[in-house]
Asker: 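Sharing a structure with you now.
Here is the naming used below: chain letters follow the sequence lines, and residue numbers restart at 1 for every chain.
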Amino acid sequence: MDQPYSAERIEREAQDYWETQQSFVVREDPGRPKFYCLSMFPYPSGRLHMGHVRNYTLGDVISRWRRMEGKLVLQPMGWDAFGLPAENAALQNGVPPARWTYDNIAYMREQLKRLGFGYDWSRELATCRPEYYRWEQWLFTRLYARGLAYKATAPVNWCPTDQTVLANEQVVDGRCWRCDTPVERREIPQWFLRITAYADELLADLERLPGWPERVLTMQRNWIGRSEGAEIEFAVDGREPLKIFTTRPDTLMGVTYLAVAPEHPLALAAAAARPEVARFVAASRVAQTAEAALETMEKHGVDTGFFARHPLTGRPIPIFAANFVLMSYGEGAVMAVPAHDERDHAFARRYGLPMTVVIVPEGHVGATEDLIRDAAYTQPGVLVHSGEFDGLSSAVARERIIAALAARGAGTARTHYRLRDWGVSRQRYWGTPIPIINCAHCGAVPVPDADLPVVLPEDVVPAARGGSPLKARADFLAATCPRCGREAVRETDTFDTFMESSWYYARYCSKDNQQAMLDERAAYWLPVDQYIGGIEHAILHLLYARFFNKLLRDEGLIGVDEPFTRLLTQGMVLKDGSKMSKSKGNTVDPQALIASYGADTARLFMMFAAPPEQSLEWSDEAVAGAHRFLKRLWALGGAIATLGRHSALAPDQALRREMHRLVDQAVRDYERYHFNTVIASCMSLVNLLQRLAEDAAVKPALGPLAWEGFGLVLRLLAPIVPHITHVLWRDLAMGEGAIIDAPWPAADPAALVQEEITIVVQVNGRRRGEVRVPAASTSADVEALALADAGVQRHLEGRSPRKVVVVPGRLINIVA
RNA sequence: GCCCGAGUGGCGGAAUGGUAGACGCAAAGGACUUAAAAUCCUUCGACCGCAAGGUCGUGCCGGUUCGAGUCCGGCCUCGGGCACCA
């Protein structure tokens, strides 16, 4: 401790201690309160980035803090190891995705260890290992048996030059990122999980997640998008009727056309007869699948020449083919009410289609056409031009119109979800093989349990063109139909990587079990008490994980309804105001930070620079500032060591009160997860203790107070900067064991008692002074003192108070 | 286009509807030093004033309230998500 602060030495000593003591390896103990703290596992991209450092520091701070509070803490770590970047890397350097991934994991594991995170490494898992994904395959076959997995067609981005499916990310401005060819939309058969069967429960259970940020709950609610409406059948002369869904059955009498997808049988039939429809259908193939692209593209259409019959009036309604209608959503057809829907309005204008106003605001006078001159009228209102429904409100009309449809067998009330079933097929190599054998006679047959896992060959280097390399692997492809025993071929599609990340939180509990997916240990640890990750996962990952939890529950594998009790969504790490990214060239490598300042400085900076949920602006100067604080803390330890530890004299009460006030503040801020203000309080404590240590040289009675304060601040800082506090605690012999096992501190309530307090005095809401009053003063006492104040009298300018508002213990406002 | 957030000193940020700017960074001045670095001390929202003190100030416009950074309505800008990046 006489030596200057050396992060490298200190951090090695602390980490050696945790390693030899196996400090973070945990076993279930039903007699103790458990705390499962989980950070979203990383994709092994090669090196940690600042977002990881922030995420994992937050998780580690919470874990260590709960442990000091007396909880049995599980904090595991693993690797979300399947995914597209490994294939992209393979294209660049010819290394198999497996090799690249395992090398990355090895490097990043060392980085995590160097940062001092308290993980139970005995539970480490990588999702690309057969012993992990075999259970995912097993679960899929169970879901298939229960009808929760099924096959249907869905659109993909297709590059006609490379003859391959592109991810949305690989489509740039509507073109292939490699060869610049305009991307086409293709409908191909794919596997789906029936998440919509759980839509109601996924929506309802959001109410049972008070530990989640409100904005995430709102986003999920909107994403699921439950809406009440009607399913309506429009008869088509000489063809199958069209089934459509609408949330606005009250506008039914205003329907002036229908629109079908370009791939719809009706559009294809029209294309055979009319060249302009054929041209339109062909042109519509050049399109993307992303919703953002779909919503912002030019809306085009063409008259198919077919007519539908209005279900109530029998009036003929023209049917258009339109590029914004997708075949795979619903029935591939929509009804259009241009007077009351923005998109229909714009489309009708473009093609000179009629608009009929059927809803007007209550009390509307004048021509109804004026209502929709510039835009559709989308609010509810009163019905007009709707025959027998005229004069009804939108709400009543919905019921009546649905009843009228039902009476004719042409429609029914229906609940609809924006949420769509989850397409889990990927036409890629580096993923979990879908455990299906395609037999010419029996169709898609699930692989029997005894034949699982279906192992992905790891010696493959994928190519840019031509789709999955598994199609060229005879050893992988060849299979025998489990049902009829004839020759068959294995499914070559792999799972969406969101599948693996949807249940890893449970597998950590039973990681070594080769006989079952999960066991009783999962029952002990689940649910996760605290989950921590980026806000960018607010919808997809978190919704899929919630869905999987319910699937696992319904398979009898776990007992809880929701996987994550509390959720912390951390903000991004920015530099110069924007997200760090290779393309922007504004990245800062955490490795350099660790090398020059050490893990504690990195952790301290990350926790101090912003509250967890906000974005964090990178600053080299602020990092240096964090390091400076650690040097001061170290030097303070040296100064404290020279002071007397015991004294018969009473400590300075005012100083002790200030000390415990700061401790109290820090403890409260831990509860709120405001680690930046925890650190602010600790800095104030260190400032106070520095002055105190100087004064103690001449006033020995201050020695014990300095020791007390230092013991408190070390423990408050221990979760954030565990290395330096470990060594200082040990070298100053602050307690029996290591600081990681020391009890969590609390402010001494006796020290916090004040005899006199300061009350702020306002006149008409503006601060005009303050008065010192005994802590036990009544409102009347405070008012009398405030009114006697010279400054108050001056600002009253002779007026008498009309009203006096007293906030006990804080403030008095005199209104004159 | 749709859904969800965020905007406070030169900078990061603090503030259960109750003293706006805690804590830190940067900057300026000073101490120590032959000098520099390191360290320590002081000042630090804008404007008026010698001072006491006062006025203005939390993206913009409006509202609720004794009192609004905080609540409500409308805008602007930036960020996240939009189902095949993870």
Side-chain angles (χ1 to χ4, degrees), chain A residues 40 42-43 45 80 82-85 88 154 156-157 165-171 190 195 213-216 218-223 225 289-297 342-343 418-428 496-498 501 534-541 543-544 569 571-572 574 577-579 605 608-611 613-626 628-629 631-632 635 665 672 674 676-677 679-684 687 690 758-762 764-770 791 794 802-807 810-816:
Chain A
M40 290 182 186
Y43 177 80
S45 55
D80 188 13
F82 275 137
L84 208 45
N88 293 334
V156 294
N157 300 307
V165 174
L166 299 176
N168 284 335
E169 175 188 62
Q170 299 171 319
V171 179
Q190 314 215 50
I195 190 172
E214 197 52 51
R215 64 165 152 161
V216 176
T218 304
M219 282 190 264
Q220 292 222 346
R221 235 171 248 131
N222 292 340
W223 185 260
T289 59
E291 186 184 298
L294 197 67
E295 291 286 328
T296 50
M297 73 181 179
E342 278 311 335
R343 190 178 63 188
R418 205 188 77 93
L419 178 69
R420 306 193 299 262
D421 275 340
W422 177 11
V424 294
S425 294
R426 297 292 179 268
Q427 295 70 44
R428 310 202 187 288
D496 179 4
T497 57
F498 274 125
S501 54
I535 183 67
E536 66 272 20
H537 295 295
I539 297 175
L540 292 179
H541 162 61
L543 190 67
Y544 292 145
T569 49
M572 290 185 310
L574 310 179
S578 61
K579 186 177 176 171
F605 166 74
F608 184 55
E613 310 233 58
Q614 277 180 37
S615 58
L616 179 153
E617 178 69 30
W618 175 264
S619 160
D620 291 316
E621 292 81 9
V623 171
R628 205 147 51 219
F629 172 72
K631 285 202 283 191
R632 283 173 53 209
Q665 190 60 55
R672 298 195 302 156
H674 284 205
N676 57 328
T677 54
I679 294 165
S681 290
C682 288
M683 285 174 167
S684 296
N687 291 342
Q690 268 182 337
T758 303
I759 302 287
V760 167
V761 184
Q762 294 184 337
N764 291 332
R766 307 172 75 104
R767 186 183 192 284
R768 295 304 183 191
E770 52 186 48
R794 184 153 49 84
R802 282 192 294 124
K803 181 174 180 180
V804 177
V805 181
V806 179
V807 182
R810 295 193 67 100
L811 171 142
I812 176 168
N813 186 15
I814 298 161
V815 185

Asker: Do A:Val761 and A:Arg768 touch side chain to side chain, with heavy atoms closer than 4.5 Å?
Answerer: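 Result no, sub-4.5 Å side-chain heavy-atom pair not found.
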Asker: If pairing requires Watson-Crick or G-U wobble contacts with both distances under 3.5 Å, which nucleotide is the partner of B:G21?
Answerer: none
Asker: Checking all strands, does A:Val815 fall into the base, sugar-phosphate, or nothing category for heavy-atom contacts under 4.0 angstrom?
Answerer: sugar-phosphate
Asker: When the C1' atoms of B:G5 and B:U55 are considered, how many whole Å apart are they?
Answerer: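 Comparing C1' positions in B:G5 and B:U55 gives a spacing of 35 Å.
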Asker: Would you indicate what A:Asn764 reaches in the nucleic acid, counting non-hydrogen atoms under 4.0 angstrom: base, sugar-phosphate, or nothing?
Answerer: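 Answer is nothing: A:Asn764 stays at 4.0 Å or more from every strand.
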Asker: Mark yes or no for a side-chain to base donor-acceptor pair under 3.5 Å between A:Asn222 and B:C3, with no hydrogen or angle criteria applied.
Answerer: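 Answer is no: no donor-acceptor pair is held.
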Asker: Taking a pair as Watson-Crick or G-U wobble with both distances under 3.5 Å, which nucleotide is matched to B:U55?
Answerer: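 Base-paired to B:A46.
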Asker: Which pair of non-hydrogen atoms, one from A:Arg428 and one from A:Leu166, has the smallest distance, and what is that distance?
Answerer: NH2-C, 3.9 Å
Asker: Are A:Arg768 and B:G54 close enough that a side-chain N or O sits under 4.0 Å from OP1 or OP2?
Answerer: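 For A:Arg768, the contact criterion (side-chain N or O under 4.0 Å from OP1 or OP2 of B:G54) is met.
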Asker: With sugar-phosphate meaning primed atoms plus P, OP1 and OP2, does A:Arg802 contact a base, only sugar-phosphate, or nothing at under 4.0 Å between heavy atoms?
Answerer: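 Answer is nothing: A:Arg802 stays at 4.0 Å or more from every strand.
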Asker: Want to settle it: does A:Lys631 or A:Phe608 sit nearer the 5' end of RNA chain B, counting the closest nucleotide to each?
Answerer: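 It is A:Phe608, whose closest nucleotide lies nearer the 5' terminus.
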Asker: Name the orientation of the base relative to the sugar in B:G57: syn if the glycosidic angle is within 90° of 0, else anti.
Answerer: anti
Asker: Strictly by Watson-Crick or wobble contacts shorter than 3.5 Å, is anything paired with B:G1, and which nucleotide is it?
Answerer: B:C82
Asker: Compare side-chain N and O positions of A:His674 against OP1 and OP2 of B:G13 and report whether any pair is under 4.0 Å apart.
Answerer: no
Asker: Say whether A:Asn222 and A:Arg418, considering side chains only, have a donor N or O and an acceptor N or O under 3.5 Å apart.
Answerer: no
Asker: With a 3.5 angstrom cut-off on both distances, give the Watson-Crick or G-U wobble partner of B:A26, or none if there isn't one.
Answerer: none
Asker: Heavy atoms under 4.0 Å, any strand shown: does A:Thr218 hit a base, just sugar-phosphate, or nothing?
Answerer: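 Here A:Thr218 touches the backbone only, sparing every base.
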Asker: Does a side-chain N or O from A:Arg767 land closer than 4.0 Å to OP1 or OP2 of B:G54, or not?
Answerer: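 Answer is no, no contact under 4.0 Å.
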Asker: Is the distance from OP1 or OP2 of B:C40 to the nearest side-chain N or O of A:Arg632 less than 4.0 Å?
Answerer: yes
Asker: List the steps and the verdict of salt bridge (Lys or Arg N to Asp or Glu O under 4.0 Å) for A:Glu214 and A:Arg221.
Answerer: CA-CA 10 Å; A:Glu214 197 52 51; A:Arg221 235 171 248 131; 3.7 Å; yes
Asker: What class does the angle between the rings of A:Phe605 and A:Trp618 fall in, given that below 30° is parallel, 30 to 60° is tilted and above 60° is perpendicular?
Answerer: perpendicular
Asker: Could you check if a side-chain atom of A:Gln614 sits within less than 4.5 angstrom of a side-chain atom of A:Asn676, using non-hydrogen atoms only?
Answerer: no
Asker: Provide the Watson-Crick or G-U wobble partner of B:G7, both distances under 3.5 Å; none if there is no partner.
Answerer: B:C76
Asker: Walk along nucleotides 77-86 of chain B from 5' to 3' and tag each nucleotide B, S or - by protein heavy-atom contact under 4.0 Å, base first, then sugar-phosphate.
Answerer: --SSSBBBSB
Asker: Between B:G74 and B:A6, how far is it from one P atom to the other, in whole Å?
Answerer: 16 Å
Asker: So, is A:Arg766 near the phosphate of B:C56, with a side-chain N or O under 4.0 Å from OP1 or OP2?
Answerer: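 Yes, because at least one side-chain N or O of A:Arg766 sits under 4.0 Å from OP1 or OP2 of B:C56.
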Asker: Mind checking who B:G67 pairs with, Watson-Crick or G-U wobble, both distances under 3.5 Å?
Answerer: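 No nucleotide pairs with B:G67.
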Asker: Hey, does the side chain of A:Arg343 come within less than 4.0 Å of B:G1's phosphate (OP1/OP2), counting only N and O?
Answerer: no
Asker: For B:C3 and A:Arg221 - does any side-chain N or O of the residue sit under 4.0 Å from the phosphate oxygens OP1/OP2?
Answerer: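 Checking A:Arg221 against B:C3: no side-chain N or O falls below 4.0 Å of OP1 or OP2.
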Asker: What integer number of Å spans the C1' atoms of B:C44 and B:C23?
Answerer: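 About 15 Å, rounded to a whole number of Å.
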Asker: Which nucleotide, if any, forms a Watson-Crick or G-U wobble pair with B:U39, using both distances under 3.5 Å?
Answerer: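 B:U39 is paired, partner B:A31.
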Asker: A:Glu770 or A:Leu616: which one's nearest nucleotide on RNA chain B is closer to the 5' end?
Answerer: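 Its nucleotide being nearer the 5' end, the pick is A:Leu616.
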